[in-house]
Colleague: 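Would you mind keeping the following structure in view while I ask a few things?
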There are 2 protein chains.
Amino acid sequence: MELLTGVFKALADRNRLRMLAALMRYDELCACQLIELIQVTGATASRHMGVLIASGLVASRKEGRWVYYRLCREKAEYHSLISWIEARLKISPDAEKDAKTLTTIMAFDPEDLCRKQHGESCCPPK
Amino acid sequence: MELLTGVFKALADRNRLRMLAALMRYDELCACQLIELIQVTGATASRHMGVLIASGLVASRKEGRWVYYRLCREKAEYHSLISWIEARLKISPDAEKDAKTLTTIMAFDPEDLCRKQHGESCCPPK
DNA sequence: GGTATATTTAGTTGGTTAGCTAAATATGCA
DNA sequence: TGCATATTTAGCTAACCAACTAAATATACC
């Protein structure tokens with residue numbers, strides 16, 4: 001039962017859900033792209049991704065200085081849960097907005113994203 | 001997206017999940033039966049049920065002095081989520097143990113349960 | 001090796017929440 | 001109406017968690 005609550009705890013945070021939604025649209029995303037989407041510090045994003053990985057929903061792969069994340073679609077036991085979430089997200093205005101933001105982000109070279117995040121303020125005071 | 005995180009927050013608590021599992025087995029349960037199962041005060045159980053109701057997963061019905069809770073199986077949008085949870089619970093030892101406890105509880109007259117809870121210690125120091 | 005860069009870990013702070021007790025709100029019955 | 005009972009609300013405390021900053025750990029390139 002701890003396994004089950006672990007999955008739901010992982011899904012019970014808005015920013016984690018947003019990152020998961022992003023991974024549903026794109027096979028693989030690197031940390032800086034997810035950071036750019038949800039506008040938090042790298043440390044915060046890293047912690048969130050750690051929770052998603054611990055839940056078994058997401059896997060990561062390290063390549064050079066970058067870490068890439070992807071949804072664990074190969075796990076049969078999560079299939080219908082993931083489908084359900086995808087269906088729910090399809091009718092969510094928030095998710096739609098993020099999807100648009102993501103297409104903009106994907107137009108950038110990841111190198112530039114990283115530089116931008118470390119250089120000037122990564123999270124402009126709103 | 002708040003709707004979605006609301007559902008997951010409701011499911012992200014062990015005791016709420018146990019109460020939900022109970023409602024999956026029995027069409028309708030009254031408060032005192034759920035209280036007996038998870039061994040918390042009535043106030044705590046009431047709060048938990050409030051969260052489940054707010055999420056839309058559970059409905060309640062008042063009859064006399066008792067309140068009866070049931071799973072909202074008629075909501076099409078939750079069908080596959082509920083099925084997924086049921087499947088996961090089927091292979092959970094914790095859930096199996098609760099299921100046995102429940103059969104014992106169901107053998108009692110609810111009247112007796114309530115009296116017991118109010119009389120001597122409802123939560124015996126383990 | 002030394003420096004720059006990307007991510008993670010540690011440590012802190014503020015806000016949320018699960019649990020309790022006690023008080024309030026129904027409801028049933030004499 | 002008055003009393004007993006079942007559930008909810010209010011108010012409190014302790015534990016948890018998300019966010020940040022700063023420091024640590026890779027990794028790439030010179």
Side-chain angles (χ1 to χ4, degrees), chain A residues 2 5-6 8-19 29-36 38-55 58 60-69 109-126, chain B residues 2 5-6 8-19 29-36 38-55 58 60-69 109-126:
Chain A
E2 265 61 34
T5 53
F8 289 132
K9 274 191 188 29
L11 294 169
D13 178 87
R14 181 184 148 84
N15 279 341
R16 279 197 293 270
L17 207 53
R18 293 172 70 199
M19 293 195 282
L29 292 171
C30 86
C32 64
Q33 292 168 322
L34 292 167
I35 289 167
E36 187 66 21
I38 69 166
Q39 295 283 305
V40 292
T41 62
T44 298
S46 172
R47 165 105 49 126
H48 279 312
M49 293 314 291
V51 174
L52 284 171
I53 288 168
S55 80
V58 167
S60 69
R61 170 176 76 84
K62 194 162 191 175
E63 189 175 314
R65 282 170 299 175
W66 285 275
V67 175
Y68 293 91
Y69 300 96
D109 182 353
E111 299 259 7
D112 293 340
L113 278 181
C114 284
R115 237 187 307 283
K116 199 179 78 172
Q117 282 161 12
H118 278 252
E120 69 208 61
S121 75
C122 107
C123 312
K126 54 156 182 275
Chain B
E2 266 61 35
T5 53
F8 288 131
K9 275 193 196 5
L11 294 169
D13 178 87
R14 181 184 148 83
N15 279 342
R16 279 196 294 269
L17 206 53
R18 291 173 70 199
M19 294 195 282
L29 292 171
C30 86
C32 65
Q33 293 168 322
L34 292 168
I35 289 166
E36 188 66 20
I38 68 167
Q39 296 282 305
V40 292
T41 63
T44 299
S46 171
R47 166 109 48 124
H48 279 312
M49 293 315 290
V51 173
L52 284 171
I53 288 168
S55 80
V58 166
S60 68
R61 170 177 77 84
K62 193 162 193 175
E63 189 176 314
R65 281 170 300 175
W66 285 275
V67 176
Y68 293 92
Y69 300 97
D109 182 353
E111 298 260 6
D112 294 339
L113 277 182
C114 284
R115 237 187 307 284
K116 199 179 78 172
Q117 283 160 13
H118 278 251
E120 70 208 59
S121 74
C122 108
C123 312
K126 53 152 182 278

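Below, chains carry the letters A, B, ... as their sequence lines are ordered, and counting in each starts from 1.
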Colleague: Using the test side chain to side chain donor-acceptor pair (under 3.5 Å), find all partners of B:Glu2 that sit at least two apart in sequence or belong to another chain.
Modeller: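 B:Glu2: no side chain to side chain donor-acceptor pair (under 3.5 Å) contacts found.
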Colleague: Show the distances under 3.5 angstrom between N or O atoms of the protein and N or O atoms of nucleotides 9-17 of chain D.
Modeller:
residue	atom	partner	partner atom	Å
D:dG11	O6	B:Arg47	NH2	3.2

Colleague: Expressed as a whole number of angstroms, how long is the span from B:Glu2:CD to C:dT16:C1'?
Modeller: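 Rounded to the whole Å, the gap is 15 Å.
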Colleague: Using the side-chain contact (heavy atoms from CB on, under 4.5 Å) rule, take A:Leu34 and A:Tyr69 through it: C-alpha gap first, then chi angles, then the decisive distance, then the call.
Modeller: CA-CA 9 Å; A:Leu34 292 167; A:Tyr69 300 96; 3.7 Å; yes
Colleague: Taking all non-hydrogen atoms of both residues, which atom of A:Val40 and which atom of A:Ile35 are closest, and how far apart?
Modeller: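 Nearest pair, atom of A:Val40 first, then A:Ile35: O-CG2, 3.3 Å.
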Colleague: Nearest whole Å is fine: how far is D:dT8 P from B:Arg61 CZ?
Modeller: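 My rounded result for the distance is 14 Å.
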Colleague: Grab the OH-P distance between A:Tyr69 and C:dT7 for me, whole Å please.
Modeller: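 Distance, rounded to whole Å: 7 Å.
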Colleague: With nearest nucleotides of DNA chain C determined for A:Val67 and B:Asn15 from heavy-atom distances, which residue corresponds to the more 5′ nucleotide?
Modeller: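 Its nucleotide being nearer the 5' end, the pick is A:Val67.
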Colleague: With B:Arg61, which residues qualify under side chain to side chain donor-acceptor pair (under 3.5 Å), at least two apart?
Modeller: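 With sequence neighbours excluded, B:Arg61 shows a side chain to side chain donor-acceptor pair (under 3.5 Å) to B:Glu28, B:Glu63, given in chain and number order.
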Colleague: Might you point out which heavy atoms bring B:Gly6 and B:Ser55 nearest each other, and give the distance in Å?
Modeller: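 Nearest pair, atom of B:Gly6 first, then B:Ser55: O-CB, 4.1 Å.
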Colleague: Heavy atoms under 4.0 Å is the rule here; annotate nucleotides 23-30 of chain D 5' to 3' with B where the base is hit, S where only the sugar-phosphate is, and - elsewhere.
Modeller: ---SBS--
Colleague: Rounded to the nearest Å, what distance is computed from the CE atom of residue A:Met19 to the P atom of nucleotide D:dA18?
Modeller: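 Computing the A:Met19:CE to D:dA18:P distance gives 10 Å.
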Colleague: What pairs of donor and acceptor atoms, side-chain ones from residues 42-53 of chain A against any protein atom, are under 3.5 angstrom apart with sequence neighbours left out?
Modeller:
residue	atom	partner	partner atom	Å
A:Thr44	OG1	A:Thr41	OG1	3.0
A:His48	ND1	A:Arg16	NH1	3.0

Colleague: D:dA19, OP1 or OP2 - any side-chain N/O from A:Thr41 closer than 4.0 Å?
Modeller: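 So the side-chain polar atoms of A:Thr41 never come under 4.0 Å of the phosphate oxygens OP1 or OP2 of D:dA19.
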Colleague: Quickly work out the A:Leu29 CG to C:dT7 C1' distance and round it to whole Å.
Modeller: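 It is 16 Å, rounded to the nearest whole Å.
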Colleague: Apply side chain to side chain donor-acceptor pair (under 3.5 Å) to A:Asp13 and list each qualifying residue two or more places apart in sequence or on a separate chain.
Modeller: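 Not a single residue meets the side chain to side chain donor-acceptor pair (under 3.5 Å) criterion with A:Asp13.
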Colleague: Is there a donor-acceptor pair under 3.5 Å between the side chain of A:Lys62 and the backbone N or O of A:Val67?
Modeller: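 The answer is no, because no donor-acceptor pair under 3.5 Å joins these two groups.
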Colleague: If you take all heavy atoms of A:Cys32 and A:Pro110, which pair is closest and at what distance?
Modeller: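 So the minimum-distance heavy-atom pair works out to SG-O, 3.8 Å.
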Colleague: C:dA18, D:dA18, D:dT7: which one has an atom nearest the side-chain heavy atoms of B:His48?
Modeller: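 Closest nucleotide to the B:His48 side chain: C:dA18.
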Colleague: Determine the contact category for A:Cys30: base if any of its heavy atoms lies under 4.0 Å from a base atom, sugar-phosphate if only primed atoms, P, OP1 or OP2 are that close, otherwise nothing.
Modeller: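 Counting heavy atoms under 4.0 Å across all strands, no contact is made by A:Cys30.
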Colleague: I need the CD1-C1' distance between A:Ile35 and D:dT21, as an integer number of Å.
Modeller: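 For the pair A:Ile35 CD1 and D:dT21 C1', the rounded distance is 15 Å.
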Colleague: When all nucleic acid strands are considered with a 4.0 Å heavy-atom cut-off, which category describes A:Tyr68: base, sugar-phosphate, or nothing?
Modeller: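 Answer is nothing: A:Tyr68 stays at 4.0 Å or more from every strand.
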Colleague: Using atom CD of A:Gln39 as one end and atom P of D:dA19 as the other, report the distance to the nearest whole Å.
Modeller: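 From A:Gln39 CD to D:dA19 P: 13 Å.
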Colleague: Atom CG of A:Leu113 to atom P of C:dT7: distance rounded to whole Å?
Modeller: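 One finds 10 Å between P of C:dT7 and CG of A:Leu113, rounded.
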